[in-house]
Amino acid sequence: MSPKSTRRPRKPRKTAKGDFFDLRLYVAGQTARSLAALANLQKICEEHLEGRYRIEVIDLLERPQLARGDQIFALPTLVRKLPEPIRKLVGDLSDTERALVGLDLRPRASNKS
Amino acid sequence: MPRSATRPAMVKPLAKSPTGIQGLDEITGGGLPRGRPTLVCGGPGCGKTILAMEFLINGARAFDEPGVFLSFEETVEELAQNFSSLGLDPRPLAARKKLALDYVRVEPNEIQETGAYDLDALFIRLEHAIDSISAKRVVLDTIETLFSGLRDTRVLRAELRRLFNWLKTKGVTAVVTGERGDGGMTRHGLEEYITDCVILLDHRVNEQNATRRLRVVKYRGSTHGANESPFFIDESGISVLPIASLGLQHRVSAGRLSTGVPGLDDMMGGKGYFRGSSILVSGSAGTGKTSLAGYFVDAASRRGESSLYFAFEESAAQIVRNLRSIDLNLEPSLRKGLLQVHAARPTTSGLEGHLSAMHRLIEEKKPRVVVVDPISNLISVGTSIEVKAMLARLIDFMKVRQMTALFTSLTLDENYPEDTDIGISSFMDTWLVLRNVEMNGERTRALNVLKSRGMSHSNQVREFVLTNDGLTLLDVVRDQGRVLVGSAREAHVGEVAGTARSNRKRRPRR
């Protein structure tokens, strides 16, 4: 993987209706924060992505080697693998507005939201 | 900082991890604090990543301490490429599980913060890497990159504090690099969290010459050299040159060696310089400093001893040609390889470059006699304090190896030849002062031995001449309590010819 290819031009592209969302939630153990993140994520998906999403939960305590592939350093982190481009949402997703913006389900108010 | 005199003499010394970096272990008294993090900070291009990588590679190669390199700036491929040119290719060691490299990419554009988080993933990655190779050393380069990707600095700071504490509980010796900031030593104040040992690197340009400096800002629980030390980076990595760190414990020799000038040997107890001593020949322009140096190396060649001549003013060919005019032929010595001349303009590289070259050549050629002609030219590449420090280091370095070194120094003020502008005479065992004496409407050259430690030496000021036949010290001619020089002496000698005890042939003046 060349480092350049990961630098995508930043276009506030709207997610097309009907895009399939492939989501990975990285956590470490069954902590309150992990559980909160998963609950928040499920709620968002049910409300906004009914029937067109998949959530994979990866517990890094069990599979630490997976942190490298998606470049995870903070927990919890939600990675939107699909649709492209890849997005990373750091935190327990309790800030629904930001989570929706991060998933491109809400237009960005400005570049620095 | 004065060392506390009240501290008990028997304290348990702090365990240290040697860096294996030449000079750095000397300054730190054995290395970095074992099992604790050390902060290495400095501006861009100051060499912190190299220092960190060398610490790891030396640990893996020489001290059986595997290491983890966690990079936040360069990918593993980039690191490997950059370091293989320094002879520090981490890949072979990585293949043997002595080294683990990981790249943590922090891409601000990809990251959205959506609530509470911590850096557990970083801990997990690090722990996984440490455990996979039983690492004893860790490098985090440069962890402050996280601040560009995560906006909640409060969380980040708390997490960094937790990270450094966690590293201590893991018992690894860590090097954490930080970019120098405006307000403090690092941009985000890492020095608040890492307090055991802080090393500051500096890369500055002084009159077009880049110089590198290293300073141990603090080292908790250990004494350390607090001075700035020059360091350089070359094909073999980093070398730090601690200032006068070798101490004064070198062997001394009672052996003597000829100055190459018979009259001068006589002035110095008839035997010349001490072996392993350092000699300063100072004088203004055209007083014959290089000629004296030439005689000295010529005498060494005659004894079959090798000499190394650092010329900072003239090329080798120029020196040989000029000395031939006073009947001194260095050509055969050069051909036989007994004499080697290393000529360089002082400005072609920084002070460290010269230090590096000189140390390396001396180490490699192992000459018995070294000449630096002139040492004063090095002032043009550094401040006088730096030159002084560098000279002290060089002198100690040669003394330990029992090499005899002669330094020439150009004095600018003819009236005060004792004021050597670099204040180096205290390092010197023997100090010869050459000067032009203007009297009776003519200039003649005069020499005296200002000091020569450990031997009785003449205190006379002697006239000497440089002619086609060589350098000759003339006998002192006195008339009514005055020392006669030049044509006054010749006239006087002519008058009293027959009665004067002149056993030396008079030479025609040029």
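Throughout, a chain's letter reflects where its sequence line sits, starting with A, and its residues are numbered from 1.
In summary, the side chains of B/D141 and B/S71 do not present any donor paired with an acceptor at a separation below 3.5 Å, with no hydrogens or angles considered. In the model, B/E179 has no side-chain atom that pairs as donor or acceptor with a side-chain atom of B/T142 under 3.5 Å. In this structure, a donor-acceptor pair under 3.5 Å is present between the side chains of A/Y26 and A/D70.
Between the CD atom in B/E110 and the CZ atom in A/R87 there is a gap of 8.5 Å [rounded to 0.5 Å].
Interface remark: B/V106 contributes backbone and side-chain atoms alike to the contact with chain A (heavy atom separation under 4.5 Å). For B/L150, the part sitting under 4.5 Å from any heavy atom of chain A is the side chain, from C-beta outward, and nothing else. At a 4.5 Å heavy-atom cutoff, A/E97 makes no contact with chain B through either its backbone or its side chain. Both the backbone and the side chain of A/R68 come within less than 4.5 Å of a heavy atom in chain B.
With chain B as the partner, the residue from A/P64, A/A28, A/A37, A/P76 showing the most heavy-atom pairs under 4.5 Å is A/P64. Between chain A and the residues B/I124, B/D120, B/D118, the largest count of heavy-atom pairs under 4.5 Å involves B/D118.
For B/H188, the ring pair (Phe, Tyr, Trp, His ring centres under 6.0 Å) partners at least two apart in sequence or on another chain are B/F147.
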